[in-house]
Amino acid sequence: MQSTVFKYGVYGLITGLVIFLIHLTLGKDLSYSTNEILGYISIFISLSFVFFGIKHYRDKVNNGIVSFGKALLIGVLISLLVGLGIAVADFIYTQFINPDWFENYYQMMHDAGKEDEIIEMTSLSAGLFMLTLVSVIGFIISLISGLILQRK
């Protein structure tokens, strides 16, 4: 199980980083809302490896059998690896590559009249938020994948 989790977690992590780098280089002139949508798409693409990891474990490692609990555990662990990678990339981006990101975001929210929606964040809190967000989305994907792929 460990090798499957590590293998598919790293696949998801690398996919997330590649999409992040593509997004970073090609998405500079896009609006914040468009970049936000692309960010969520990249999270879902990266987390697609949860399904494939559970399926690989069931079909190739465990002779076509996987319980719902084991599938959920595999999916959550893969999600944590993907989430950790995305959180680290987000931290590096907001801390070193674009340290003015928060100021620009706050200004954009202020200009849009959404001062009441502004939350004070730092690079670390943004990274932790991304880890939590990806883990929650990954848990939901793990639940659905576990229900679909379970075989006794």
Side-chain angles (χ1 to χ4, degrees), residues 4-59 66 68-150:
T4 300
V5 167
F6 184 74
K7 178 179 171 181
Y8 284 88
V10 169
Y11 288 165
L13 191 146
I14 290 171
T15 301
L17 291 178
V18 167
I19 293 171
F20 179 78
L21 290 173
I22 291 169
H23 184 142
L24 185 63
T25 56
L26 301 178
K28 290 184 185 223
D29 297 327
L30 298 175
S31 69
Y32 278 106
S33 58
T34 302
N35 277 322
E36 186 177 12
I37 291 168
L38 291 173
Y40 286 121
I41 290 170
S42 70
I43 289 171
F44 281 107
I45 291 171
S46 299
L47 287 173
S48 69
F49 287 97
V50 166
F51 178 85
F52 297 115
I54 295 169
K55 186 170 182 344
H56 171 81
Y57 179 79
R58 181 194 72 188
D59 296 343
V66 68
F68 174 74
K70 183 69 93 174
L72 185 62
L73 178 63
I74 291 168
V76 166
L77 292 174
I78 291 170
S79 299
L80 286 174
L81 282 175
V82 172
L84 187 61
I86 290 173
V88 168
D90 192 57
F91 175 80
I92 290 169
Y93 177 73
T94 57
Q95 185 69 33
F96 303 110
I97 297 172
N98 187 4
D100 297 330
W101 188 88
F102 291 110
E103 290 176 26
N104 296 337
Y105 181 74
Y106 295 145
Q107 185 61 47
M108 186 264 317
M109 292 293 280
H110 178 73
D111 293 345
K114 298 180 180 180
E115 293 89 1
D116 55 332
E117 296 178 29
I118 296 175
I119 300 171
E120 286 293 322
M121 284 192 150
T122 63
S123 295
L124 181 59
S125 64
L128 292 174
F129 172 76
M130 288 306 295
L131 175 61
T132 304
L133 177 68
V134 171
S135 298
V136 168
I137 294 170
F139 178 77
I140 294 167
I141 291 172
S142 298
L143 274 172
I144 294 167
S145 298
L147 289 170
I148 292 170
L149 295 171
Q150 70 178 335

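Along the sequence shown, the residues carry numbers beginning at 1. Please read all numbers here as calculations on a predicted model, not as lab measurements.
Here F20 pairs with Y93 under the ring pair (Phe, Tyr, Trp, His ring centres under 6.0 Å) rule; sequence neighbours left out. For Y57, there are no ring pair (Phe, Tyr, Trp, His ring centres under 6.0 Å) partners at least two apart in sequence or on another chain.
Put simply, CG on L133 and CD1 on I43 are 5.0 Å apart, with the number rounded to the nearest 0.5 Å. Atom CG of residue L13 and atom CG of residue L80 lie 12.0 Å apart, to the nearest 0.5 angstrom. To the nearest 0.5 Å, atom CG of residue L77 and atom OG of residue S135 are 10.5 Å apart. Atoms CZ and OG1, on F91 and T94 in that order, are 7.0 Å from each other to the nearest 0.5 Å. The line from CD1 of I144 to CZ of F51 is 11.0 Å long, rounded to the nearest 0.5 Å. Here the CZ-CD distance, from R58 to Q150, works out to 10.5 Å after rounding to the nearest 0.5 Å.
In this structure, the side chains of I92 and I97 come closer than 4.5 Å at one or more pairs of heavy atoms. Inter-residue side-chain proximity for L72 and F139 is flagged as met; some heavy-atom pair is nearer than 4.5 Å. Taking the side chain as every heavy atom from C-beta outward, Y8 and I74 never approach each other to under 4.5 Å.
F68 CZ: more than 12 foreign heavy atoms inside a 6.0 Å radius.
When all heavy atoms of S142 and G75 are compared, the pair lying nearest together is OG-C, 2.9 Å. Taking each heavy atom of V134 and G83 in turn, the nearest pair found is CG1-CA, 3.4 Å. The minimum heavy-atom distance linking S79 with G138 is given by the pair OG-CA, 3.1 Å. Heavy atoms only, all atoms of each residue included: D90 and M130 are closest at OD2-CG, 3.6 Å. Between L149 and V66 the shortest heavy-atom distance is O-CG1, 3.5 Å. Taking all atoms of both residues into account, the shortest heavy-atom contact from F49 to I78 is O-CD1, 4.0 Å.
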